[in-house]
Amino acid sequence: MAAVFRRLFKRKKAPPLACYMHLDQDENHVHTSACFLDVQPLVLAEFFQSQGCASCPPATPGILDATNHPNIQLVTFDVTYFDNLGHKDPFANPRWDQRQKNYVKKWGRSSLYTPMVVVNGIADGGAGGGTKAEIDGVVHRARDSIHQVMDWHIVLDSNDTDIRIDTDKLEIEKHDVLVIVYEDKSEIVKIPKGPNKGKKVVHKNIVKDIIKVGEWVGGDSIMPLLNPTQGESGAAAVAVVQAPMGGPIVAVCKIA
C-alpha cells in the first residue's frame, strides 16, 4: 500500500439497535504549559461496521452526521464477523476485527457490538441506534476523559517528509506513532446479498491500511515518513499517537 503517500503530499422487521503553540527556534528549548494554546484538538472517530450487520444501515446516517465536523476525523473499519451470513463484505479485514477487540479487551469487556464508534480510543457508542445525540455524547466523553488523565500537552504535526511531536511531557510509556490510510470519499454501495440485501448504504473514509512509523516515549521528536513503492489514487491519511493494544489516542493530525 504504500505509494499513496506521494499522492497524498501532492495534494422488514425493525433492525436491532444493537493545541497550537509559539515555537522557540532554539534547539535547546524545553516546552512548558505556557507554550501551548488552549484550543480544541482534532479527535479520531473510528466507525466499526459491516455490510452484513442489520443494525448498521439505519445507524449510519446519524453517525456520519455527528462526525461531519472539522475537529472530528472519521475513519471507517469494516469487520468480518458477519461474512458468513450470505454476503462477504469486500471492505472487511481481520485486522480491523482485532483493532476493535483490542479496545474491548482494554476496557475489560467480554463482548463487542456493531455499529460501534470509538473516539480517541477511550469512549464508545452506537448501540443506541447511532443517533446524532448519542455520538455527540461519545465525542464529549472522550474529550472530557482525556482532559482528566492528561496534565500535559502534546501537538502532532506533519509535512511531506516528517511527523513532528512537540510536548512538555519528557518521559512516558511507549506509544505507537501510526499512519492510517483511507479512501478520501463517500460512496453509496448497494448490498447485493445477505441480511441487508438491496439496501443502499453510504460508506465514508474506508480504511485501507495502518502503518506504524515509529514509537514515542516522551519529549520532542521528529520521525521520517517512509516513501512507499505502490498504492492507489484517491487516498488520504491521518497520523495518531496511541498507547499500544487499544490504548488511548493522545494526538491526531491530518497528513496534507
| Can you tell me how far OG1 of T161 sits from CD1 of I222, rounded to the nearest 0.5 angstrom? | 9.0 Å

| task | State whether the side chain of N93 and the backbone N or O of R95 hold a donor-acceptor pair below 3.5 Å, judged by distance alone. | result | yes

| query | Taking atom CD1 of I206 and atom NZ of K185, what is their separation to the nearest 0.5 Å? | reply | 9.5 Å

| said: Quick one: does any side-chain atom of Y81 pair with a main-chain N or O of D97 as donor and acceptor, under 3.5 Å? | reply: yes

| query | Are the side chain of D89 and the backbone N or O of T80 linked by a donor-acceptor pair below 3.5 Å? | reply | no

| query | In terms of hydrophobic clusters joined by side-chain contacts under 4.5 Å, are F47 and F77 together? | reply | no

| request: State, to 0.1 Å, how close S145 and I122 come at their nearest heavy-atom pair, and which atoms those are. | output: CB-CD1, 3.8 Å

| request: May I have the step-by-step check of side-chain contact (heavy atoms from CB on, under 4.5 Å) for D184 and N205, ending in yes or no? | output: CA-CA 5 Å; D184 188 18; N205 297 352; 4.1 Å; yes

| Aromatic ring pairing W216/H175, orientation class (parallel under 30°, perpendicular over 60°, tilted between) | perpendicular

| query | Rounded to the nearest 0.5 Å, how far apart are OG1 of T67 and CD1 of I72? | reply | 6.5 Å

| said: Taking I188 as the starting point, is it possible to reach F91 by hopping between hydrophobic residues whose side chains are less than 4.5 Å apart? | reply: no

| Should L44 and I63 be regarded as members of a common hydrophobic cluster, given that ILVMFWY residues are connected when their side-chain heavy atoms come within less than 4.5 Å of each other, either directly or indirectly? | no

| request: Please check if the side chain of E134 supplies one atom and the backbone of G126 the other of a donor-acceptor pair under 3.5 Å. | output: yes

| query | Under 3.5 Å, side chain of H203 to main-chain N/O of V201, donor-acceptor pair present? | reply | yes

| request: Drop me the distance from Q98's CD to M245's CE, to the nearest 0.5 angstrom. | output: 6.5 Å

| field | Residue pair I146, V43: steps toward the side-chain contact (heavy atoms from CB on, under 4.5 Å) verdict | value | CA-CA 11 Å; I146 206 70; V43 298; over 6 Å; no

| Nearest heavy-atom pair of Q51 and I191: which atoms, and what distance? | O-CD1, 3.6 Å

| query | Rounded to the nearest 0.5 Å, how far apart are CG of N120 and CD of E46? | reply | 8.5 Å

| query | Are I210 and V181 close enough that some pair of their side-chain heavy atoms sits under 4.5 Å apart? | reply | no

| task | Verify the cluster assignment for V202 and I135: are they in a single hydrophobic cluster under the rule of side-chain heavy atoms below 4.5 Å apart? | result | yes

| query | Can you tell if the side chain of D78 reaches within under 4.5 Å of the side chain of Q49, non-hydrogen atoms only? | reply | yes

| Heavy-atom neighbours of K212 NZ exceed 12 at 6.0 Å | yes

| request: Check whether any side-chain heavy atom of K197 lies under 4.5 Å from a side-chain heavy atom of H87, and answer yes or no. | output: no

| request: May I ask you to decide if K204's main-chain N or O and T76's side chain share a donor-acceptor pair within less than 3.5 Å? | output: yes

| field | Heavy-atom side-chain proximity of P248 to K106 below 4.5 angstrom | value | no

| Closest non-hydrogen atom pair, Y113 against Q100 | O-NE2, 2.9 Å

| said: Pair D144, Q148 - check side chain to side chain donor-acceptor pair (under 3.5 Å), show working. | reply: CA-CA 6 Å; D144 289 345; Q148 292 172 13; 5.8 Å; no

| task | Please tell me if the side chains of V79 and M116 come closer than 4.5 Å, counting only heavy atoms from C-beta onward. | result | no

| field | Check ion pair R109-D124 (N to O, under 4.0 angstrom) | value | yes

| query | When rounded to the nearest 0.5 angstrom, what distance separates CD in E215 from CE in M223? | reply | 8.0 Å

| remark: Between C253 and L42 the two heavy atoms that sit nearest each other are CA-CD2, 4.1 Å

| Taking all non-hydrogen atoms of both residues, which atom of V213 and which atom of P224 are closest, and how far apart? | CB-O, 4.5 Å

| field | Side-chain ion pair, K132 and D65, N-O less than 4.0 Å | value | no

| request: Find out whether R99 and F48 are in side-chain contact, i.e. whether some heavy atom of one side chain is under 4.5 Å from a heavy atom of the other. | output: yes

| Least distance between heavy atoms, A239 atom then I163 atom | CB-CD1, 3.9 Å

| said: So for atom CD, which belongs to E171, do other residues, nucleotides or ligands contribute more than 12 heavy atoms lying within a distance under 6.0 Å? | reply: no

| Are the side chains of T60 and P115 in touch, meaning some heavy atoms are under 4.5 Å apart? | no

| field | Exceeds 12 heavy-atom contacts within 6.0 angstrom, atom CE of M150 | value | yes

| query | Are V118 and V252 joined in one hydrophobic group, where the rule is that I, L, V, M, F, W and Y side chains link up if heavy atoms are under 4.5 Å apart? | reply | yes

| task | Say whether, by atom type as modelled, one donor and one acceptor occur between the side chain of T167 and the main chain of H153 under 3.5 angstrom. | result | yes

| message | In the structure I gave you, are the side-chain heavy atoms of I172 and V250 within less than 4.5 Å of one another anywhere? | response | no

